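The shown structure was predicted, so the numbers you read here are calculated from the model rather than taken from an experiment. We name chains A, B, ... by the order of the sequence lines, and we start the count at 1 in each one.
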Amino acid sequence: MTKSEFIDWLARRQTQLDYSDVDQAINVILESIAGALTAGERVEIRSFGSFSLHYRPERIGRNPKSGEIVSISSRYVPYFKPGKQLREDVNNIEENSGADISQDTELASE
Amino acid sequence: MSLTKAGIARRLHDEMGLNMREGKELVEMFFDSLRELLGNGESIKLSGFGKFDLRDKEQRPGRNPKTKEEIPITARRVVTFKPSQKLKARVENHAGSTEQ
């Protein structure tokens, strides 16, 4: 599903806001998350998951076209960790406690 | 300090004039809808932000870290998030960080 399809889907689900308001609201929500991450802040959404930054150290890479060796500087990358409820909803089955590898502290930092 | 649903609702209030209750409802609806769609097997691509995707994992051997007992990790479907180039470019130079 694309963003515009998602906006459409949300707009039909409620009666208070029209398409353009839902469009604007979604952009505000996504910009809030992106802005927080850019400022190095975590985002914790209960029952959905958390967004944070992961550090990647400098490494040696290769230009896939030319084969030239290049240094890739250290950087931060966005990371999303699904929350417990999202994991369960997506997996559609009761989590088997015996075989569950996840450490179920949904809001704990890594 | 981290951003939560309440903080996002406040942004909707500040930028769109929604009251806090409306903002909270909208934020809840946004994330509940994403969860519902993903639960129905639908991946969602939010351009400029990233893509929430689903991956089906096969069963693999696992181990209870406490008892060392071997238990298979059952086949499961998991959510992955692939950030857009735009989002990656924005956060990569988060130079002010002290986390290094």
Side-chain angles (χ1 to χ4, degrees), chain A residues 1-6 9-10 13-14 16-17 21-22 24-53 55-56 73-82 85-87 89-93 95-96 98-101, chain B residues 1-5 7-8 10-12 14-16 18 22-23 25-27 29-39 41-50 52 54 62 64-65 69 71-74 76-81 83 86-88 90-94 96-100:
Chain A
M1 185 178 276
T2 63
K3 187 173 170 183
S4 57
E5 288 168 338
F6 182 55
W9 194 83
L10 274 177
R13 283 205 123 191
Q14 46 82 54
Q16 290 175 336
L17 300 170
D21 284 336
V22 173
Q24 194 189 346
I26 286 178
N27 286 325
V28 170
I29 292 170
L30 296 177
E31 177 51 36
S32 303
I33 299 170
L37 289 173
T38 304
E41 197 182 349
R42 284 176 63 84
V43 182
E44 293 184 347
I45 307 296
R46 202 172 295 267
S47 84
F48 186 74
S50 61
F51 297 87
S52 59
L53 296 184
Y55 179 68
R56 296 280 179 261
S73 58
S74 63
R75 65 191 57 204
Y76 286 89
V77 293
Y79 176 75
F80 172 67
K81 182 177 192 289
Q85 197 179 342
L86 177 59
R87 289 200 307 270
D89 285 3
V90 159
N91 203 24
N92 282 330
I93 51 167
E95 291 203 17
N96 180 337
D100 188 2
I101 49 159
Chain B
M1 186 186 69
S2 56
L3 180 67
T4 61
K5 285 179 194 169
I8 299 173
R10 183 159 295 282
R11 289 281 295 270
L12 288 169
D14 293 347
E15 293 183 30
M16 293 182 66
L18 301 183
E22 289 168 332
E25 279 174 9
L26 199 59
V27 173
M29 190 176 75
F30 175 81
F31 290 107
D32 287 350
S33 298
L34 282 180
R35 190 155 47 74
E36 184 182 331
L37 288 164
L38 289 164
E42 182 95 52
S43 61
I44 300 130
K45 186 177 181 182
L46 299 170
S47 64
F49 186 76
F52 293 96
L54 296 162
N64 180 325
E69 186 189 0
I71 315 166
I73 295 162
T74 52
R76 63 191 60 206
R77 176 173 284 179
V78 298
V79 180
T80 60
F81 174 68
K86 191 175 158 195
L87 182 60
K88 280 161 86 169
R90 274 183 72 173
V91 308
E92 72 177 10
N93 294 319
H94 172 56
S97 171
T98 53
E99 289 170 45
Q100 295 189 24

Measure the CG-CG distance between B:Leu34 and A:Leu86 for me, rounded to the nearest 0.5 Å. 9.0 Å
Counting heavy-atom pairs closer than 4.5 Å to chain A, which one of B:Met16, B:Lys5, B:Glu42 comes out on top? B:Met16
Non-hydrogen atoms of A:Leu30 and B:Phe30 that approach each other most closely: CD2-CZ, 3.9 Å
Qualifying residues under side chain to side chain contact (heavy atoms under 4.5 Å, CB included), relative to B:Glu25, sequence neighbours excluded: A:Gln16, B:Arg21
Name the option with the most non-hydrogen atom pairs under 4.5 Å to chain B; the candidates are A:Glu41, A:Arg13, A:Arg75. A:Glu41
Quick check for you: to the nearest 0.5 Å, what is the distance between B:Ile8 atom CD1 and A:Ile33 atom CD1? 4.5 Å
At a heavy-atom separation under 4.5 Å, does B:Glu36 approach chain A through its side chain, its backbone, both, or neither? side chain
I need the A:Gln14 CD to B:Met29 CE distance, nearest 0.5 Å. 4.5 Å
Interatomic distance, OG1@B:Thr74 vs CG@A:Asn91, rounded to 0.5 Å, equals 6.5 Å
For A:Leu10 and B:Ser33, work out which heavy atoms get closest and say how close. CD2-OG, 3.2 Å
Closest heavy-atom contact between B:Lys88 and A:Pro78? CG-CD, 3.9 Å
B:Leu38 and A:Asp89: CA distance, side-chain angles, deciding distance, side-chain contact (heavy atoms from CB on, under 4.5 Å) verdict: CA-CA 8 Å; B:Leu38 289 164; A:Asp89 285 3; over 6 Å; no
Tell me, for B:Leu46 versus chain A, whether the close heavy atoms (under 4.5 Å) come from the side chain, the backbone, both or neither. both
Which heavy-atom pair separates A:Ala34 from B:Phe49 by the least distance, and what is that distance? N-CE1, 4.3 Å
Please classify the contact between B:Val79 and chain A as side chain, backbone, both or neither, with a heavy-atom cut-off of under 4.5 Å. both
Taking only residues two or more places apart in sequence, or in another chain, which ones meet B:Phe31 in a ring-ring contact (aromatic ring centres under 6.0 Å, His included)? A:Phe48
For the backbone of A:Ser47 and the side chain of B:Arg35, can you confirm whether one donor and one acceptor N or O come within less than 3.5 Å of each other? yes
Using 0.5 Å steps for rounding, measure from the CD atom of B:Glu92 to the CZ atom of A:Arg56. 12.5 Å
So what's closer than 4.5 Å to chain A heavy atoms on B:Leu18: side chain, backbone, both or neither? side chain
Which of B:Val27, B:Leu37, B:Thr4, B:Val78 touches chain A most, by non-hydrogen pairs under 4.5 Å: B:Leu37
With a 4.5 angstrom heavy-atom cut-off, could you sort out which part of A:Ala36 is near chain B: side chain, backbone, both or neither? side chain
Bottom line for A:Val43: the part with an atom under 4.5 Å from chain B's heavy atoms is both
Nearest 0.5 angstrom please: A:Glu44 CD to B:Leu3 CG, how far? 9.5 Å
Among B:Lys45, B:Glu22, B:Lys86, B:Glu69, which has the most heavy-atom pairs under 4.5 Å with chain A? B:Lys45
Quick one: what part of A:Leu17 sits under 4.5 Å from any heavy atom of chain B, side chain, backbone, both or neither? side chain
Heavy atoms only, distances under 4.5 angstrom: which of A:Val77, A:Ile29, A:Leu37 has the most pairs with chain B? Name it, please. A:Ile29
Please say whether more than 12 non-hydrogen atoms of neighbouring residues, nucleotides or ligands are located less than 6.0 Å from CZ in B:Arg10. no
